[in-house]
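Everything on this sheet refers to the single structure shown next.
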Amino acid sequence: MIKIILPDKSVKEFNKGVTGIEIARSISEGLARNVLSVSVNDEVWDLNRPITKDAHIKLHTWDDKEGQATMWHSTAHLMAAAIEELFPGAKFGIGPDIDNGFYYDIDFGDKVLRPEDLPKIEKKIKEYVSQKHTFNREEMPKNKALEYYKIKNDEYKVELINELEDGNITFYKTGNFVDLCKGPHLMDASPIKAVKLISIAGAYWRGDESRKQLTRVYGISFPKKKLLDEYLEMLEEAKKRDHRKIGREMELFTFSQNVGQGLSLWLPKGAQIREILENFLKKVQLKAGYQQVITPHIANKNLYIQSGHYEKYGKDSFQPIKTPNEDEEFFLKPMNCPHHCEIFKSKQYSYKDLPVRFAEFGTVYRYEQSGELHGLTRVRSFTQDDAHIFCRPDQLKEEFIKVIDIIMLIFKALEFKDYKAQISLHDPDKMENYIGTIQNWEKAEKAIIEATNEKGLDTEVVKGEAAFYGPKLDFMVKDALNREWQLGTIQVDYNLPERFDMEYVGSDNKKHRPVMIHRAPFGSMERFVAVLTEHCAGKFPLWLTPEQIIILPISEKYQKYAEKVLNLLKNYELRSRIDERNEKTGKKIRDAETGKIPYMLIVGEKEEQNNTVSVRKHQQGDMGTYSVDDFAKIVVDEINSILDF
RNA sequence: GCCGAUGUAGCUCAGGGGUAGAGCGUUUCCUUGGUAAGGAAGAGGCCACGGGUUCAAUUCCCGUCAUCGGCUCCA
């Protein structure tokens with residue numbers, strides 16, 4: 001007998017060689033029906049693999065990540081089996097489960113896989129499912145495995161096997177398809193009730209640009225047809241929220257081939273959103289002791305040689321601008337920090353002057369590869385809400401806390417409720433990759449961790465993700481569709497103070513090196529507006545939306561009164577407009593609703609006589625009648641309740 | 001940059017070897033209206049751009065550019 005310890009710490013005795021599915025059955029038939037895989041001492045196993053020693057186990061169903069991963073990974077195998085049957089000679093790379101489904105990288109030789117091939121493959125997979133194809137775990141010595149794939153002429157698997165340690169290698173067999181795989185898998189395909197192949201893409205073998213590009217087929221599967229429908233609906237919803245689509249519909253921004261790829265043109269309404277965001281942050285920063293600075297869009301190449309950016313990114317940048325006569329070269333500014341370093345260096349600082357905080361909405365230019373460009377989230381020119389804090393080492397933690405406060409304030413104002421912080425630390429085994437002393441690194445990392453603890457942030461610590469010049473704290477927000485985006489960032493930098501030989505005079509009357517903090521709560525204005533647009537599906541918060549109020553006269557007879565209302569609203573600095581079109585009220589309301597305007601003011605005979613407006617709120621309907629002043633005060637209060645900090 | 005797909009009116013899209021169509025929007029006219037689409041008429045396209053095949057190309061082929069889905073990259 002062996003002891004099986006369940007997650008609730010209860011202990012059950014079973015015969016040696018008991019399997020996950022048998023344990024599930026002993027608990028309940030329902031569980032046995034739904035269980036997909038089992039963790040044995042934190043390793044996920046097949047349900048029919050015998051457990052021979054005492055173990056902690058956890059049964060996985062669709063409700064946990066491991067269960068989903070098991071189903072997806074097994075579906076990837078079924079897809080590969082289907083492809084092997086339909087396209088003989090296809091060679092297989094890797095086929096893992098991912099966050100949303102699975103993929104398989106396949107070399108089709110000369111054959112080009114087309115979207116219209118996917119339904120055929122899906123059909124074949126469904127066939128296998130209805131035949132309840134099993135996944136059988138087998139072990140094979142390494143040399144035999146190599147032989148098998150050499151005969152099959154699959155150089156990808158040969159490469160993978162060659163990298164494995166000697167000894168037995170595990171395979172899974174499903175139908176005629178045998179795949180190198182450490183598992184785990186479903187016992188058979190029957191839990192897979194719905195499969196959808198999503199897309200085809202190219203992917204370099206092992207992610208290496210210099211190697212062959214394989215065809216990657218993405219797919220997803222579910223234990224219920226309804227879940228697939230919901231997933232597809234979610235994809236549709238994401239499409240509807242796409243900032244590129246909303247940006248066009250709401251006239252926020254555009255692109256022009258004449259101007260160039262990745263160079264956004266901000267239309268009046270989009271520019272207004274940006275300006276409001278900028279003014280908001282400027283106000284916050286003014287209170288927090290920041291000073292605005294302004295720097296040019298180009299700088300002498302020497303600046304970037306000194307900062308080190310030239311060496312690292314010079315070749316990938318827009319190439320330098322040359323002066324006509326003297327042999328001078330200037331780069332479009334890819335970073336604001338070297339400029340701010342020069343500003344710091346323009347005068348002498350005492351320890352009492354620190355910290356110094358320079359802020360600038362600085363537009364930078366980076367040559368992104370053409371295939372990388374994507375709406376506003378990846379562009380070649382963008383404006384960072386940048387600031388650089390120059391402080392003493394002992395001020396690091398306090399400054400971090402202050403920046404975190406700013407970021408949280410912003411998230412609150414913009415209704416990002418679900419966020420977490422990622423702390424990126426150095427990799428202790430690769431100290432040679434970093435600049436700065438180990439003592440400084442440890443001090444800085446301690447300061448970050450303490451700061452996030454004090455703020456009670458939900459944090460994730462990742463070793464080895466730090467920049468070469470210092471550790472950092474990134475903020476990831478989840479949008480309304482549960483997608484994660486990286487927005488604000490705070491980074492410690494020991495490199496630039498060194499390279500620019502920055503110093504301040506300490507209380508000991510000696511020169512000391514300041515620490516620099518880079519921070520950008522929005523990240524880039526372009527990217528932030530994109531994420532915000534998708535988060536709120538174009539229904540921007542009242543204080544931010546370009547058109548807050550639209551006045552709808554019942555007929556042309558009330559145009560004069562509408563203008564009077566408009567002028568009154570202007571006194572309250574509310575952004576409003578009259579719908580002057582010769583349309584019926586129902587049409588005007590409909591257009592205002594689809595246009596996502598928060599408030600509609602309907603004015604006709606009654607309103608003109610009583611000096612009132614009939615208020616309709618977006619998506620909520622009729623709110624009743626108010627005097628213009630009362631209405632305006634309500635709206636102003638609503639805005640101030642968010643902007644009051 | 002790489003693999004694949006796409007490019008037709010301001011937008012969303014249909015069509016197809018014989019120089020083009022719908023809906024929405026826009027313009028004008030009728031209508032003067034009360035909480036999610038009133039009616040009529042008109043304007044609007046070098047069918048992305050450049051080559052080739054053909055009597056004839058928007059349609060087929062090649063190239064370029066741009067966009068989309070990924071890969072690689074992201075100070």
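The figures that follow rest on heavy atoms only: side chains count, while hydrogens, waters and symmetry mates do not. Order of the sequence lines fixes the chain letters, A, B, ..., with proteins taken first and strands second; residue numbering starts at 1 for each chain.
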Exercise. Checking all strands, does A:A201 fall into the base, sugar-phosphate, or nothing category for heavy-atom contacts under 4.0 angstrom?
Worked result: base

For this session: Mind checking A:Y218 for me? I need base, sugar-phosphate or nothing, with any heavy atom below 4.0 Å counting as a touch.
Result: sugar-phosphate

Exercise. Ignoring hydrogens and geometry, is there a side-chain-to-backbone donor-acceptor pair from A:R575 to A:E547 under 3.5 Å?
Worked result: no

For this session: Give me the one residue out of A:E608, A:E580, A:K588, A:E607 that meets side-chain contact (heavy atoms from CB on, under 4.5 Å) with A:P553.
Result: A:K588

Problem set entry | Passing option when A:L552 is tested against A:D591, A:V603, A:I602 for side-chain contact (heavy atoms from CB on, under 4.5 Å) | A:I602

Please state the [atom1] separation for the pair [N] and [M] - nearest whole angstrom.
N: B:G23; M: B:U32; atom1: P; answer: 26 Å
N: B:U54; M: B:A43; atom1: C1'; answer: 35 Å
N: B:U64; M: B:G44; atom1: C1'; answer: 28 Å
N: B:C24; M: B:U31; atom1: P; answer: 23 Å
N: B:G17; M: B:C3; atom1: P; answer: 30 Å
N: B:G4; M: B:G39; atom1: C1'; answer: 48 Å
N: B:A41; M: B:A14; atom1: P; answer: 27 Å
N: B:A22; M: B:A40; atom1: P; answer: 15 Å

Seminar exercise, completed: Heavy-atom nearest nucleotide on RNA chain B taken for A:Y469 and for A:G621; more 5' hit belongs to A:G621

For this session: Please figure out whether A:K587 or A:S199 has its closest RNA chain B nucleotide nearer the 5' end.
Result: A:K587

Could you state the [atom1]-[atom2] distance from [X] to [N], rounded to the nearest angstrom?
X: A:D591; N: B:C24; atom1: CG; atom2: P; value: 12 Å
X: A:E209; N: B:C71; atom1: CD; atom2: P; value: 13 Å
X: A:N336; N: B:A75; atom1: CG; atom2: P; value: 15 Å
X: A:E605; N: B:U32; atom1: CD; atom2: P; value: 15 Å
X: A:L552; N: B:A37; atom1: CG; atom2: C1'; value: 14 Å
X: A:L373; N: B:G70; atom1: CG; atom2: C1'; value: 15 Å
X: A:R380; N: B:G1; atom1: CZ; atom2: C1'; value: 11 Å
X: A:D105; N: B:G4; atom1: CG; atom2: C1'; value: 14 Å

Tell me if the side-chain of [X] makes a donor-acceptor pair with the base of [N], cut-off 3.5 Å, by modelled atom types.
X: A:R244; N: B:C68; result: no
X: A:Q213; N: B:C2; result: yes
X: A:Y204; N: B:G70; result: no
X: A:R211; N: B:C71; result: no

Problem set entry | Worked check of side-chain contact (heavy atoms from CB on, under 4.5 Å) between A:I550 and A:I578 | CA-CA 6 Å; A:I550 189 156; A:I578 303 170; over 6 Å; no

Distance below 4.0 Å between [X] side-chain N/O and [N] OP1 or OP2:
X: A:K557; N: B:G33; value: yes
X: A:Y313; N: B:A75; value: yes
X: A:Q261; N: B:A66; value: yes
X: A:R114; N: B:A5; value: yes

For this session: Tell me, please, whether A:F540 has A:K269 positioned over its six-membered ring: NZ or CZ under 6.0 Å from the ring centre and within 45 degrees of its axis?
Result: no

Problem set entry | Candidates B:G70, B:U35, B:U26 - which lies nearest the side chain of A:D622 | B:U35

Exercise. Is the closest side-chain donor-acceptor distance between A:E498 and A:Y469 under 3.5 Å?
Worked result: no

My understanding is that a pair needs two contacts under 3.5 Å, Watson-Crick or G-U wobble. By that rule, which nucleotide pairs with [N]?
N: B:C49; answer: B:G63
N: B:A9; answer: none
N: B:C74; answer: none
N: B:A36; answer: none
N: B:C55; answer: B:G18
N: B:U26; answer: B:G42

For this session: Run the ring-centre check on A:Y365 versus A:H297 and record whether the distance is less than 6.0 Å.
Result: yes

Exercise. Quick check, are the ring centers of A:F344 and A:F500 under 6.0 angstrom apart?
Worked result: no

For this session: Check whether any side-chain heavy atom of A:F475 sits under 4.5 Å from a side-chain heavy atom of A:I490, and report yes or no.
Result: yes

Exercise. Any side-chain heavy atom of A:P471 sitting closer than 4.5 Å to one from A:I423?
Worked result: no

Check nucleotides 6-13 of chain B against the protein and report each pair of N or O atoms closer than 3.5 Å, with its distance, or say if there are none.
residue, atom, partner, partner atom, Å
B:U12, OP1, A:R248, NE, 3.4
B:U12, OP1, A:R248, NH2, 3.0

